[in-house]
**Student:** 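Please read through the structure below; I'll follow up with questions.
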Amino acid sequence: MPRFMTVSDPTPVAGGGLLSRRAFLQGAIVLGAGAAVSAEAADAHLTAALPSQKTLGRPFSGYGVPSRFEADVKRSIVPRYGAMAPGNGVSFTPLEFLQGIVTPAGLHFERHHNGVPDIDPAEHTLTVHGLVERPLRFGIDQLLRYPMTSRTMFIECSGNSARIAGTETPKLSCGQIHGLVSCSEWTGVTVRTLLEEAGVKPDARWVVAEGADAATLARSIPLSKMLDDAVLALYQNGERLRPEQGYPLRLVLPGWEGNMSIKWLHRLKLVDMPGQFRDETSHYTDLQPDGKALQFTFPMDVKSVITRLSPGWILQGAGLYEVSGLAWSGHGRIAAVEVSGDGGRTWAEAELREPVLSQCLTAFRVPWQWNGAPVALMSRARDERGHVQPRRADWMKAHGPNQRYHYNAVQAWRIDARGGIENAPL
Ligand SMILES: Nc1nc2c(c(=O)[nH]1)N[C@H]1C(S)=C(S)[C@@H](COP(=O)(O)O)O[C@H]1N2
Ligand SMILES: [Mo]
């Protein structure tokens, strides 16, 4: 990590060396990361041709790929049942290697219950049926003729961060713990458009969405959400969906648990009651301390994590650092993110980087002056509806050791005197 040496306003605003977020806004940061060179050495370097200036560069390519020097930046794959069902499991987005709010399509996290189907868009159809006046079937070419909307939104698996929701503290990177969240610009047709065309019957209350994959994953979704802001996505970050994200058609439910954003969508059936499918009964339900389970927890609650400071990295010594991370809420916009360096006694307000969008990842940053002593850094987000990210002990008290889904507690990264970083509950 680069180490900064001076900042315009080095007055700490909270314990543990946290500085005012305005120190960045004034723009007067002197970085100490560059190597000092003599004027002669600087000139010599610039007058001699570089190897890359002496040979012709390689030609054009039809579809670009990242530099070969970035080959280590990839998803962390965790299969569920090994060779028996290689397409069931997850892969985590490497959050600590990314900046900004948009996840490159090739690094979007994956959750498949039975692999990625290979679907020819010319063969694929979406059927709207059940409690409608006119059952309708659409080919992908027909859907592409409808007016489209675009929104940048996160999708988070409700199993995100489950690896630390229990009592164990595994040695994993930021992305390997919290990387079942990704964010894309999704473009497509609103569900409302097609439901209005089909004509919703008065007794319809729920919509069953079903995928065309080998898991035939199905979820029941309240009709109100479908009419409000649900999107039938055809494009992801400007290009057609990746197969892993549901090509050629996926449902995106802004802010709601990822499981309900059905990929490879092939039907929407309007019904009067939930279908009680596998993924809304035995899975994605929250077992409470009293032995009862909460069945439907739709919006993903407010959450944040420091991504630029990840377990597995070593800080290069005492000095000034930019600590940055991501915050998001299924309830709306992020209102504030605070960072603590003293176990939660005092908090410094972080700067939110534009744009700050509803149900979207929001980037934050704060300057931090590390004095070289052991310290723990934590971030805590609040959304515009007043939801505040709970401390871990409070989350545990409220939900108990059985609940693994919907974990949104404050994460602490503990930094030791060597600069090593660890996942440590606080
Ligand atoms: N048809 C289908 N849709 C699905 C799934 C699936 O296995 N099959 N997995 C769900 C789960 S649990 C999540 S978290 C998201 C993951 O979306 P992603 O793989 O694009 O990140 O898709 C959901 N939609
Ligand atoms: Mo999920």
Side-chain angles (χ1 to χ4, degrees), residues 75-81 85-95 102-119 124 126 153-163 165 175 178-186 188 207-221 230-237 239-269 275 277-286 296-300 303 328 330 361 404-408:
R75 295 185 282 225
S76 169
I77 302 168
V78 182
R80 206 20 90 76
Y81 304 110
N88 191 333
V90 290
S91 70
F92 292 80
T93 295
L95 297 173
V102 170
T103 311
L107 294 175
H108 194 289
F109 88 86
E110 302 166 275
R111 172 72 178 110
H112 315 307
H113 290 73
N114 220 333
V116 181
D118 184 35
I119 296 179
H124 191 76
L126 172 69
M153 302 180 269
F154 73 82
I155 291 180
E156 183 182 22
C157 179
S158 43
N160 194 21
S161 320
R163 292 171 122 178
H178 301 293
L180 295 185
V181 65
S182 299
C183 188
S184 309
E185 185 197 60
W186 302 102
V207 181
V208 170
E210 187 186 83
D213 53 332
T216 319
L217 201 143
R219 285 291 306 254
S220 312
I221 298 148
V231 178
L232 297 163
L234 293 149
Y235 293 84
Q236 174 185 3
N237 298 339
E239 62 183 350
R240 294 288 291 279
L241 301 181
R242 290 290 169 96
E244 294 80 4
Q245 267 65 60
Y247 183 87
L249 183 68
R250 102 173 284 167
L251 183 62
V252 179
L253 298 180
W256 284 21
E257 66 177 359
N259 182 260
M260 306 174 80
S261 285
I262 302 293
K263 302 189 279 189
W264 314 292
L265 183 72
H266 84 130
R267 68 168 160 151
L268 295 174
K269 184 177 184 185
F277 298 107
R278 190 197 81 126
D279 288 272
E280 56 200 27
T281 51
S282 72
H283 288 66
Y284 301 101
T285 49
D286 295 327
F296 294 126
T297 303
F298 296 143
M300 295 304 292
K303 189 163 172 180
W328 62 99
L361 293 188
R404 287 292 174 119
Y405 296 117
H406 304 107
Y407 181 90
N408 72 324

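Whatever order the structure lists them in is the order used to number ligands and atoms, beginning at 1. This is a predicted model, so every value here is computed, not measured.
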**Student:** Please list, in number order, the atoms of ligand 1 under 4.0 Å from a heavy atom of His112.
**Tutor:**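 By the 4.0 Å cutoff, the relevant atoms are 7 (O).
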**Student:** Return the residue, atom name and 0.1 Å-rounded distance of the protein heavy atom closest to atom 9 (N) of ligand 1.
**Tutor:**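 Nearest protein contact, heavy atoms only, for atom 9 (N) of ligand 1 is Arg111 O, 3.2 Å.
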**Student:** May I ask you to test the Asp279-Arg219 pair for a side-chain heavy-atom distance under 4.5 Å?
**Tutor:**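 Answer yes - side chains close enough.
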**Student:** Quick one: which ligand 1 atoms are inside 4.0 Å of a heavy atom on Tyr284?
**Tutor:**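 Reading through ligand 1 atom by atom, the close ones are 12 (S).
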**Student:** Any atoms of ligand 1 less than 4.0 Å from a non-hydrogen atom of Asp213? List them with their elements.
**Tutor:**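 Here the atoms of ligand 1 in question are 1 (N), 2 (C), 6 (C), 7 (O), 8 (N).
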**Student:** Decide yes or no for Glu185 and Val102: does some side-chain heavy atom of the first lie under 4.5 Å from some side-chain heavy atom of the second?
**Tutor:**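 No, their side chains stay 4.5 Å or more apart.
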**Student:** Run the numbers for me: atoms of ligand 1, each under 4.0 Å from some heavy atom of His113, listed by number.
**Tutor:**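 What qualifies from ligand 1 is 5 (C), 6 (C), 7 (O), 9 (N), 12 (S).
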**Student:** Does a side-chain heavy-atom distance below 4.5 Å link Ile155 with Phe109?
**Tutor:**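 Side chain of Ile155 against side chain of Phe109, heavy atoms only: contact under 4.5 Å found.
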**Student:** Under 4.5 Å between any side-chain heavy atoms of Gln236 and His108, yes or no?
**Tutor:**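 Yes. Closest side-chain heavy atoms under 4.5 Å.
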**Student:** Is there a side-chain contact between Leu241 and Trp186, using heavy atoms and a 4.5 Å cut-off?
**Tutor:**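 Yes, close enough: below the 4.5 Å cut-off.
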**Student:** Within less than 4.0 angstrom of ligand 1, does Ser261 place any heavy atom?
**Tutor:**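 So Ser261 counts as touching ligand 1.
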**Student:** Going by the order shown, which atoms of ligand 1 are within less than 4.0 Å of some heavy atom of Glu244?
**Tutor:**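 Those qualifying, in numeric order: 19 (O), 20 (O).
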**Student:** In the protein, what heavy atom is nearest to atom 23 (C) of ligand 1, and what distance, to one decimal place, separates them?
**Tutor:**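 For atom 23 (C) of ligand 1, the nearest protein heavy atom comes out as Gly258 O, 3.3 Å.
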**Student:** Just wondering, do His112 and Trp264 contact through their side chains at under 4.5 Å, heavy atoms?
**Tutor:**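 Trp264 reaches His112 side chain to side chain.
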**Student:** Just to verify, what does Arg242 make a salt bridge (charged side-chain N to carboxylate O under 4.0 Å, His left out) with, not counting sequence neighbours?
**Tutor:**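 Partners of Arg242 under the salt bridge (charged side-chain N to carboxylate O under 4.0 Å, His left out) test: Glu239.
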**Student:** Can you find a pair of side-chain heavy atoms, one from Val181 and one from Thr93, that are under 4.5 Å apart?
**Tutor:**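 Val181 vs Thr93: side chains apart.
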**Student:** Measure the distance from atom 3 (N) of ligand 1 to every protein heavy atom, then report the residue, atom name and distance (to 0.1 Å) of the closest one.
**Tutor:**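 The protein heavy atom lying closest is Lys263 N, 3.0 Å.
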**Student:** The criterion is side chain to side chain contact (heavy atoms under 4.5 Å, CB included); which residues satisfy it with His266, sequence neighbours excluded?
**Tutor:**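 Partners of His266 under the side chain to side chain contact (heavy atoms under 4.5 Å, CB included) test: His124, Glu210, Ala212.
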**Student:** Should His108 be counted as touching ligand 1, given the test is an N or O pair under 3.5 Å?
**Tutor:**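 Yes.
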**Student:** Could you tell me, atom by atom, which parts of ligand 1 come under 4.0 Å of a heavy atom of Gly211?
**Tutor:**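 Those atoms are 1 (N).
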**Student:** So which of Arg250, Glu257, Glu110 gets nearest to atom 20 (O) of ligand 1, if we judge by its closest heavy atom?
**Tutor:**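 Going through Arg250, Glu257, Glu110 one by one, Arg250 has the nearest heavy atom to atom 20 (O) of ligand 1.
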**Student:** When you measure from the side chain of Ser261 to the backbone N and O of Leu253, does any donor-acceptor pair fall under 3.5 Å?
**Tutor:**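 Yes.
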**Student:** Under 4.0 Å from a heavy atom of Cys157: which atoms of ligand 1 are those, numbered in the order shown and with their elements?
**Tutor:**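 With Cys157 as reference, the close atoms of ligand 1 come out as 14 (S).
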**Student:** Identify, for atom 10 (C) of ligand 1, the protein heavy atom at the shortest distance, and state residue, atom and that distance.
**Tutor:**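 Looking only at protein heavy atoms, the one closest to atom 10 (C) of ligand 1 is Asn259 CA, 3.7 Å.
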**Student:** What atoms of ligand 1 come closer than 4.0 angstrom to any heavy atom of Phe109?
**Tutor:**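 Counting from 1, the qualifying ligand atoms are 14 (S), 16 (C), 18 (P), 19 (O), 21 (O).
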